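Every value quoted in this text rests on a predicted model; they were computed, and no experiment measured them. Sequence lines set the chain letters: A, B, ... in the order given, protein chains first and strands last, and positions in each chain run from 1.
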Number of protein chains: 2
Amino acid sequence: MTSQPATRERQRDADRTRAEILEVAQHEFARHGYAGARVDEIAALMRTTKRMIYYYFGSKEQLYIAVLEKAYAEVREVERTLDVEHLAPVEAIRTLAELTFDHHDAHREFIKLVAIENIHQAEHIRKSEALGNLGTPVLDLIERILDAGTASGDFVTEADAIDVHMMISAFCFFRVANQHTFGALFGRDMTAPEHRDRQRGMVGEMIVGYLRGGGARS
Amino acid sequence: MTSQPATRERQRDADRTRAEILEVAQHEFARHGYAGARVDEIAALMRTTKRMIYYYFGSKEQLYIAVLEKAYAEVREVERTLDVEHLAPVEAIRTLAELTFDHHDAHREFIKLVAIENIHQAEHIRKSEALGNLGTPVLDLIERILDAGTASGDFVTEADAIDVHMMISAFCFFRVANQHTFGALFGRDMTAPEHRDRQRGMVGEMIVGYLRGGGARS
DNA sequence: TAAGTAACGTACTAGTCCGTACATTAACTG
DNA sequence: CAGTTAATGTACGGACTAGTACGTTACTTA
């Protein structure tokens with residue numbers, strides 16, 4: 001009943017408002033897709049109004065792009081802090097795979113946003129100046145691990161860094177992104193701890209098995 | 001300018017109309033997602049009217065479910081005709097992986113529908129009587145191949161059929177489903193023939209390398 | 001061939017949703 | 001402290017969109 005101290009009543013804070021809009025918008029877009037997301041619903045879930053969305057972001061589409069940019073920026077930040085190069089090549093790539101697994105497991109909304117963006121043929125990413133053709137730090141890291149592994153003789157398969165990145169990402173992405181159809185069809189909840197732990201081991205074994213050449217023909 | 005023979009002018013054909021609606025609807029849903037798809041647009045792309053969509057399917061949602069059911073039915077039909085059990089276990093699983101690859105490569109719209117359905121937490125699949133908890137024929141096939149491989153000593157890794165299915169599907173699904181964001185970020189068109197052919201080989205080597213135990217720790 | 005029904009077309013409605021015009025208030029600045 | 005600007009709130013409009021009421025035409029069958 002008693003009101004807050006006068007200074008905290010309806011205090012103005014552009015950064016905070018902007019940040020809150022982005023956060024709520026990320027939830028809404030991830031939950032309902034771009035077309036399914038409702039600007040009014042985003043507004044309703046905030047302590048401010050729809051007017052502010054347009055004040056700070058201009059349109060639903062620009063808000064969505066801003067959400068994408070923020071989400072990708074966070075991922076890049078994580079990738080930049082990866083530190084596996086002190087390990088031997090085999091352990092390095094296995095650890096990278098497992099950390100990628102953990103990261104995907106922990107960032108479901110980012111994965112949904114990427115899936116949504118792909119449904120729209122990445123048209124919004126292409127519209128974003130911040131996101132176009134930027135690549136990602138892991139690629140260099142993978143490149144170096146592959147070189148080291150080839151030099152040491154641990155890796156037999158000649159592999160391309162982008163391919164390896166895709167192989168790891170595919171596994172980690174799929175089990176989160178497709179958990180619902182998979183669950184509905186096979187009755188297995190892939191997010192359950194026992195499956196998660198086993199699958200975490202699988203990524204590593206898969207990628208190392210591939211690079212060691214265990215699957216080579218004849 | 002001259003009109004068709006009288007018998008062909010505005011002939012009635014319930015099956016044909018129904019089928020055409022489903023086909024056009026699949027395009028529209030795959031292209032724009034569930035919420036983004038427009039019933040009016042589907043109608044505009046047909047030689048009949050919106051009224052027919054409601055006449056045959058009742059609602060946008062039921063139409064979408066019907067599209068899903070048809071798409072899944074086609075996939076099951078392909079899976080049912082798979083014939084790799086005359087091969088030795090290693091070649092059998094490799095061939096299965098490569099055929100899965102080809103199938104995903106050839107059925108982009110199905111993949112998009114699955115991605116869309118996952119964004120909506122598979123709520124429509126769960127509503128469908130035809131799709132709930134049906135599993136899929138490949139699982140039994142994989143099961144038998146794994147058993148044969150373990151018995152023959154070709155496979156060392158103890159693997160679960162669903163996990164193996166996921167590993168293969170993840171790779172095949174991802175490179176199609178995420179081609180747009182991947183392309184935008186890395187500037188690589190994964191659907192280009194040279195990449196496709198190399199990646200087709202990768203699935204096989206990956207899965208065989210994993211099952212042979214080439215990635216086992218220490 | 002007459003009657004009945006399945007298939008199809010037109011025109012409209014009720015509601016939703018993005019975006020904005022206009023008013024207001026808090027904070028800063030000289 | 002007066003003036004200015006940045007930040008916020010309210011109320012509304014115009015376009016779009018799923019769904020329907022109502023009417024019509026082709027085909028079947030007795």
Side-chain angles (χ1 to χ4, degrees), chain A residues 3-29 31-68 116 120 123-124 127, chain B residues 3-29 31-68 116 120 123-124 127:
Chain A
S3 53
Q4 308 274 332
T7 49
R8 291 225 35 217
E9 276 215 53
R10 185 96 29 229
Q11 211 170 1
R12 294 189 168 188
D13 189 336
D15 291 343
R16 197 193 127 111
T17 303
R18 237 189 96 98
E20 190 182 352
I21 293 174
L22 278 176
E23 193 186 333
V24 175
Q26 173 168 323
H27 282 49
E28 176 76 4
F29 282 122
R31 214 173 181 71
H32 303 288
Y34 176 69
R38 299 287 167 247
V39 176
D40 285 290
E41 181 63 20
I42 295 171
L45 294 171
M46 302 185 303
R47 54 148 194 50
T48 178
T49 65
K50 184 169 58 161
R51 177 69 185 79
M52 290 298 94
I53 293 172
Y54 289 92
Y55 182 70
Y56 286 109
F57 298 97
S59 70
K60 179 183 182 179
E61 187 180 18
Q62 285 175 273
L63 171 61
Y64 174 70
I65 291 174
V67 167
L68 273 181
I116 290 163
H120 298 290
E123 62 167 302
H124 306 102
K127 275 180 190 167
Chain B
S3 54
Q4 308 276 334
T7 49
R8 291 227 33 217
E9 277 214 54
R10 186 103 21 233
Q11 210 169 0
R12 297 190 166 186
D13 189 337
D15 290 343
R16 197 193 126 111
T17 302
R18 239 189 95 99
E20 190 183 353
I21 293 174
L22 277 175
E23 194 186 335
V24 175
Q26 173 168 321
H27 282 50
E28 176 75 5
F29 282 121
R31 214 173 182 72
H32 303 287
Y34 176 69
R38 298 288 166 248
V39 177
D40 285 292
E41 182 63 19
I42 295 171
L45 294 171
M46 300 186 304
R47 54 151 194 45
T48 178
T49 68
K50 183 167 60 158
R51 178 70 185 78
M52 290 299 95
I53 292 172
Y54 290 92
Y55 182 70
Y56 285 110
F57 298 97
S59 71
K60 181 183 181 179
E61 187 180 18
Q62 286 175 273
L63 171 60
Y64 174 71
I65 291 175
V67 167
L68 273 182
I116 290 164
H120 299 289
E123 60 168 301
H124 306 101
K127 275 179 189 165

>> Please classify the nucleic acid contact of Thr49(A) as base, sugar-phosphate, or nothing, using heavy-atom distances under 4.0 Å.
In response: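 The answer is base, as Thr49(A) lies within the cut-off (heavy atoms under 4.0 Å) of a base atom.
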
> What bend angle does the helix from dT1(C)-dA30(D) to dG30(C)-dC1(D) show across its length, from five-pair end axes and to the nearest 10 degrees?
Replying inline: 10°

> Which class fits the ring pair Tyr34(A) and His124(A): parallel under 30°, tilted 30 to 60°, perpendicular over 60°?
Replying inline: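 Tilted, since the angle between the ring planes falls between 30° and 60°.
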
Separation of atom [atom1] in [X] from atom [atom2] in [N], rounded to whole Å:
X        : N       : atom1 : atom2 : answer
Gln62(B) : dA18(D) : CD    : C1'   : 13 Å
Asp13(B) : dA7(C)  : CG    : C1'   : 11 Å
Arg16(A) : dA27(C) : CZ    : P     : 13 Å
Arg12(B) : dA7(C)  : CZ    : P     : 9 Å
Arg47(A) : dG9(D)  : CZ    : C1'   : 13 Å
Leu63(B) : dT17(D) : CG    : P     : 16 Å
Ile21(A) : dG19(C) : CD1   : P     : 14 Å
Arg51(B) : dG23(D) : CZ    : P     : 14 Å

>> Under 4.0 Å from OP1 or OP2 of dA7(D): is there any side-chain N or O of Thr48(A) that close?
In response: no

Distance check, rounded to the nearest 0.5 Å: [X] atom [atom1] versus [Y] atom [atom2]?
X        : Y        : atom1 : atom2 : value
Arg12(B) : Thr48(B) : CZ    : OG1   : 10.5 Å
Asp15(A) : Tyr56(A) : CG    : OH    : 8.0 Å
Thr17(B) : Ile53(B) : OG1   : CD1   : 11.5 Å
Glu23(A) : Leu45(A) : CD    : CG    : 11.0 Å

> Of the residues in residues 36-44 of chain B, which ones touch DNA chain D at a heavy-atom distance under 4.0 Å?
Replying inline: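 Ala37(B), Arg38(B), Val39(B), Asp40(B), in order of number.
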
> Residues from residues 52-59 of chain B sitting under 4.0 Å of DNA chain D, heavy atoms only?
Replying inline: Tyr54(B), Ser59(B)

Would you name the heavy atoms of [X] and [Y] that are closest together and state the gap between them?
X        : Y         : value
Arg16(B) : Arg47(B)  : NE-NH2, 2.8 Å
Phe29(A) : Ile116(A) : O-CD1, 3.1 Å
Met46(A) : Val24(A)  : CG-CG2, 3.9 Å
Lys50(B) : Ala43(B)  : N-CB, 3.5 Å

> Does any non-hydrogen side-chain atom of His32(A) lie less than 4.5 Å from one of Glu41(A)?
Replying inline: no

> Which of the following nucleotides, dA7(D), dC8(C), dT8(D), is nearest to the side chain of Thr17(A)?
Replying inline: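 Of all the options, the side chain of Thr17(A) is nearest to dT8(D).
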
> Is there a donor N/O on one and an acceptor N/O on the other, under 3.5 Å, for the side chain of Lys50(B) and the base of dG19(D)?
Replying inline: yes

> Knowing that exactly one of Val39(A), Val67(A), Ile65(A), Leu22(A) qualifies, which makes a side chain to side chain contact (heavy atoms under 4.5 Å, CB included) with Phe57(A)?
Replying inline: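 So, applying the side chain to side chain contact (heavy atoms under 4.5 Å, CB included) to Phe57(A) and each of Val39(A), Val67(A), Ile65(A), Leu22(A), only Leu22(A) qualifies.
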
